[in-house]
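To keep things clear, I will list the structure first and then write my remarks on it.
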Amino acid sequence: MNAINVIAPYRHLGMWVFDDPRVDLVKEPFVGGADDLITRATAGFDDPAAGFVLLFSAIDFPGRQFVLEWRRSDGEGDIYYSADFDAEGWLCPALLRYFETAPPRLHVALRERSAI
(Lines give C-alpha, C1' and ligand atoms only; values in the text may rest on other atoms or scores of the structure.)
Protein backbone atom coordinates (compact mmCIF):
# COMPACT_ATOMS: atom_id res chain seq x y z
CA MET A 1 0.00 0.00 0.00
CA ASN A 2 1.17 3.51 -0.76
CA ALA A 3 2.10 5.85 2.08
CA ILE A 4 0.44 8.75 0.22
CA ASN A 5 -2.51 8.05 -2.05
CA VAL A 6 -3.57 10.29 -4.93
CA ILE A 7 -6.99 10.57 -6.53
CA ALA A 8 -8.52 13.18 -8.83
CA PRO A 9 -12.14 13.95 -7.85
CA TYR A 10 -14.42 15.71 -10.32
CA ARG A 11 -18.12 16.54 -10.68
CA HIS A 12 -20.39 14.02 -12.39
CA LEU A 13 -24.19 14.30 -12.40
CA GLY A 14 -23.96 16.92 -9.67
CA MET A 15 -21.84 14.78 -7.35
CA TRP A 16 -18.17 14.61 -6.41
CA VAL A 17 -16.76 11.31 -7.71
CA PHE A 18 -13.39 9.79 -8.50
CA ASP A 19 -11.90 6.99 -10.56
CA ASP A 20 -9.00 4.82 -9.47
CA PRO A 21 -8.43 1.83 -11.74
CA ARG A 22 -5.57 0.75 -9.46
CA VAL A 23 -8.16 -0.26 -6.83
CA ASP A 24 -11.02 -0.97 -9.28
CA LEU A 25 -13.15 2.13 -8.58
CA VAL A 26 -15.05 4.08 -11.24
CA LYS A 27 -17.19 7.15 -10.50
CA GLU A 28 -17.04 6.35 -6.78
CA PRO A 29 -19.17 9.07 -5.12
CA PHE A 30 -18.48 11.10 -2.02
CA VAL A 31 -21.68 11.35 0.05
CA GLY A 32 -22.82 11.81 3.63
CA GLY A 33 -21.07 15.10 4.29
CA ALA A 34 -17.76 14.18 2.63
CA ASP A 35 -19.11 15.91 -0.48
CA ASP A 36 -19.77 19.07 1.54
CA LEU A 37 -16.23 18.98 2.98
CA ILE A 38 -14.83 18.82 -0.56
CA THR A 39 -17.01 21.70 -1.72
CA ARG A 40 -15.85 23.83 1.20
CA ALA A 41 -12.18 22.86 0.80
CA THR A 42 -12.17 23.74 -2.91
CA ALA A 43 -14.16 26.99 -2.59
CA GLY A 44 -11.14 29.08 -3.60
CA PHE A 45 -10.24 27.00 -6.65
CA ASP A 46 -10.81 28.45 -10.13
CA ASP A 47 -12.74 25.44 -11.50
CA PRO A 48 -12.92 22.58 -8.98
CA ALA A 49 -15.73 20.84 -10.88
CA ALA A 50 -13.31 20.14 -13.73
CA GLY A 51 -11.24 18.14 -11.29
CA PHE A 52 -8.49 18.57 -8.77
CA VAL A 53 -5.90 16.38 -7.08
CA LEU A 54 -6.49 15.04 -3.57
CA LEU A 55 -3.62 13.48 -1.62
CA PHE A 56 -4.38 11.50 1.51
CA SER A 57 -2.40 9.44 3.98
CA ALA A 58 -2.59 7.89 7.43
CA ILE A 59 0.71 9.65 8.16
CA ASP A 60 1.46 13.36 8.12
CA PHE A 61 3.30 14.69 5.07
CA PRO A 62 4.76 18.03 3.93
CA GLY A 63 2.10 20.27 2.40
CA ARG A 64 -0.76 18.63 4.27
CA GLN A 65 -3.64 21.09 4.63
CA PHE A 66 -6.27 19.24 6.64
CA VAL A 67 -6.54 16.45 9.18
CA LEU A 68 -9.66 14.32 9.46
CA GLU A 69 -10.14 12.57 12.81
CA TRP A 70 -11.93 9.23 12.96
CA ARG A 71 -15.05 9.51 15.12
CA ARG A 72 -17.03 6.30 14.72
CA SER A 73 -18.20 3.53 12.42
CA ASP A 74 -21.52 4.14 10.71
CA GLY A 75 -23.05 1.36 8.70
CA GLU A 76 -20.28 -0.09 6.56
CA GLY A 77 -18.39 3.21 6.46
CA ASP A 78 -16.66 5.53 8.88
CA ILE A 79 -17.36 9.06 10.10
CA TYR A 80 -14.45 11.51 10.13
CA TYR A 81 -14.42 14.98 11.68
CA SER A 82 -12.74 18.08 10.26
CA ALA A 83 -11.84 20.69 12.89
CA ASP A 84 -11.07 23.12 10.04
CA PHE A 85 -14.70 23.07 8.96
CA ASP A 86 -16.27 21.89 12.24
CA ALA A 87 -18.09 19.23 10.24
CA GLU A 88 -18.25 15.47 9.78
CA GLY A 89 -18.16 13.40 6.63
CA TRP A 90 -18.87 9.73 5.96
CA LEU A 91 -16.29 7.71 4.05
CA CYS A 92 -17.63 4.56 2.46
CA PRO A 93 -16.03 1.11 2.50
CA ALA A 94 -13.93 2.13 -0.53
CA LEU A 95 -11.58 3.61 2.10
CA LEU A 96 -10.52 0.03 2.81
CA ARG A 97 -9.16 -0.26 -0.73
CA TYR A 98 -6.39 2.03 0.53
CA PHE A 99 -6.02 0.97 4.17
CA GLU A 100 -6.44 -2.34 6.01
CA THR A 101 -8.57 -0.59 8.63
CA ALA A 102 -9.93 2.94 8.91
CA PRO A 103 -6.99 5.04 10.14
CA PRO A 104 -7.40 7.20 13.25
CA ARG A 105 -6.39 10.26 11.21
CA LEU A 106 -6.38 11.10 7.54
CA HIS A 107 -3.94 13.77 6.43
CA VAL A 108 -5.19 15.54 3.31
CA ALA A 109 -3.98 18.04 0.72
CA LEU A 110 -5.87 19.38 -2.30
CA ARG A 111 -4.27 20.88 -5.40
CA GLU A 112 -5.83 22.63 -8.36
CA ARG A 113 -5.02 20.91 -11.63
CA SER A 114 -3.77 24.23 -12.96
CA ALA A 115 -1.16 24.31 -10.15
CA ILE A 116 0.33 20.98 -11.18
Side-chain angles (χ1 to χ4, degrees):
M1 297 195 168
N2 290 352
I4 299 175
N5 297 284
V6 181
I7 58 174
Y10 58 95
R11 298 290 281 184
H12 175 72
L13 300 176
M15 301 182 70
W16 288 113
V17 301
F18 71 98
D19 304 328
D20 191 344
R22 187 176 59 88
V23 294
D24 200 29
L25 294 172
V26 177
K27 291 185 177 60
E28 183 67 28
F30 288 96
V31 298
D35 49 343
D36 295 329
L37 290 173
I38 290 172
T39 298
R40 293 171 71 183
T42 59
F45 287 11
D46 287 334
D47 188 11
F52 62 93
V53 174
L54 189 151
L55 297 89
F56 63 101
S57 177
I59 58 172
D60 201 3
F61 59 90
R64 182 260 306 144
Q65 296 166 297
F66 307 103
V67 176
L68 302 176
E69 298 279 341
W70 185 88
R71 286 290 172 98
R72 64 191 174 280
S73 293
D74 186 358
E76 294 189 27
D78 292 278
I79 301 287
Y80 280 83
Y81 172 75
S82 167
D84 295 288
F85 299 110
D86 190 26
E88 292 183 335
W90 182 76
L91 297 179
C92 73
L95 181 67
L96 302 180
R97 305 271 180 108
Y98 299 94
F99 305 101
E100 289 183 27
T101 61
R105 278 176 250 26
L106 286 172
H107 303 268
V108 179
L110 291 83
R111 304 279 187 268
E112 289 187 78
R113 283 191 182 259
S114 62
I116 301 170

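Numbers here simply count residues along the sequence, with the first being 1. Since the structure is predicted, the reported quantities are computational estimates derived from the model, not experimental observations. Only this structure's heavy atoms are used, side chains among them; waters, hydrogens and symmetry mates stay out.
The line from CD1 of Ile4 to CG of Leu55 is 6.5 Å long, rounded to the nearest 0.5 Å. Asp78 contributes atom CG, which lies 9.0 Å from atom OG1 of Thr101 (distance to the nearest 0.5 angstrom). A distance of 9.5 Å separates CG of Leu54 from CZ of Phe66, quoted to the nearest 0.5 Å.
Taking Asp20 as the reference, Arg22 meet the salt bridge (Lys or Arg N to Asp or Glu O under 4.0 Å) condition, with sequence neighbours excluded.
Tracing side-chain contacts under 4.5 Å through hydrophobic residues (I, L, V, M, F, W, Y), one never reaches Ile38 starting from Trp90; they form parts of separate clusters. Using a 4.5 Å cut-off between side-chain heavy atoms of Ile, Leu, Val, Met, Phe, Trp and Tyr, with links allowed through other members, Leu110 and Ile7 fall into the same hydrophobic cluster.
In this structure, Lys27 and Asp19 have side chains that are in contact, with non-hydrogen atoms separated by less than 4.5 Å. A heavy-atom distance below 4.5 Å is found between the side chains of Tyr81 and Asp86. Considering only heavy atoms from C-beta on, Pro103 stays 4.5 Å or farther from Ile59 through its side chain. Counting heavy atoms from C-beta outward, Asp36 and Phe85 have side chains that stay 4.5 Å or more apart. Between Asp35 and Met15 there is no side-chain heavy-atom pair separated by less than 4.5 Å.
Ser57 places a side-chain N or O within 3.5 Å of a backbone atom of Ala3 that can act as its donor or acceptor partner. Between the Arg97 side chain and the Val23 main chain, a donor and an acceptor come within less than 3.5 Å of each other. Between the side chain of Glu88 and the backbone N or O of Gly33, no donor-acceptor pair lies under 3.5 Å. A donor-acceptor contact shorter than 3.5 Å is absent between the side chain of Trp70 and the backbone of Ala102.
Pairs passing the salt bridge (charged side-chain N to carboxylate O under 4.0 Å, His left out) check and including a residue from residues 6-18, sequence neighbours excluded, do not occur.
Here the closest heavy-atom approach between residue Asp84 and residue Val67 is recorded as OD2-N, 4.1 Å. Scanning all heavy atoms of the two residues, the minimum distance from Ala94 to Leu25 falls at CB-CD1, 3.9 Å. Glu28 approaches Cys92 most closely through the heavy-atom pair OE2-SG, 3.2 Å. Here the closest non-hydrogen pair linking Ala87 and Arg40 is CB-NH1, 3.7 Å. Summarising the geometry of Arg113 relative to Ala8, their closest heavy-atom pair is NH2-CB, 3.1 Å, with the distance given to 0.1 Å.
Checked against Phe30 for a ring pair (Phe, Tyr, Trp, His ring centres under 6.0 Å), the options Phe18, Trp16, Tyr10, Tyr80 give a single hit: Phe18.
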Exercise for the section: Show your working on side-chain contact (heavy atoms from CB on, under 4.5 Å) between Leu106 and Leu91 and close with a plain yes or no. Expected result: CA-CA 11 Å; Leu106 286 172; Leu91 297 179; 3.5 Å; yes
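Between Phe45 and Phe52, the two ring planes are perpendicular [angle over 60°; tilted spans 30° to 60°].
With a 6.0 Å radius and a threshold of 12 heavy atoms from other residues, nucleotides or ligands, Asp24 has its CG atom at or below the threshold.
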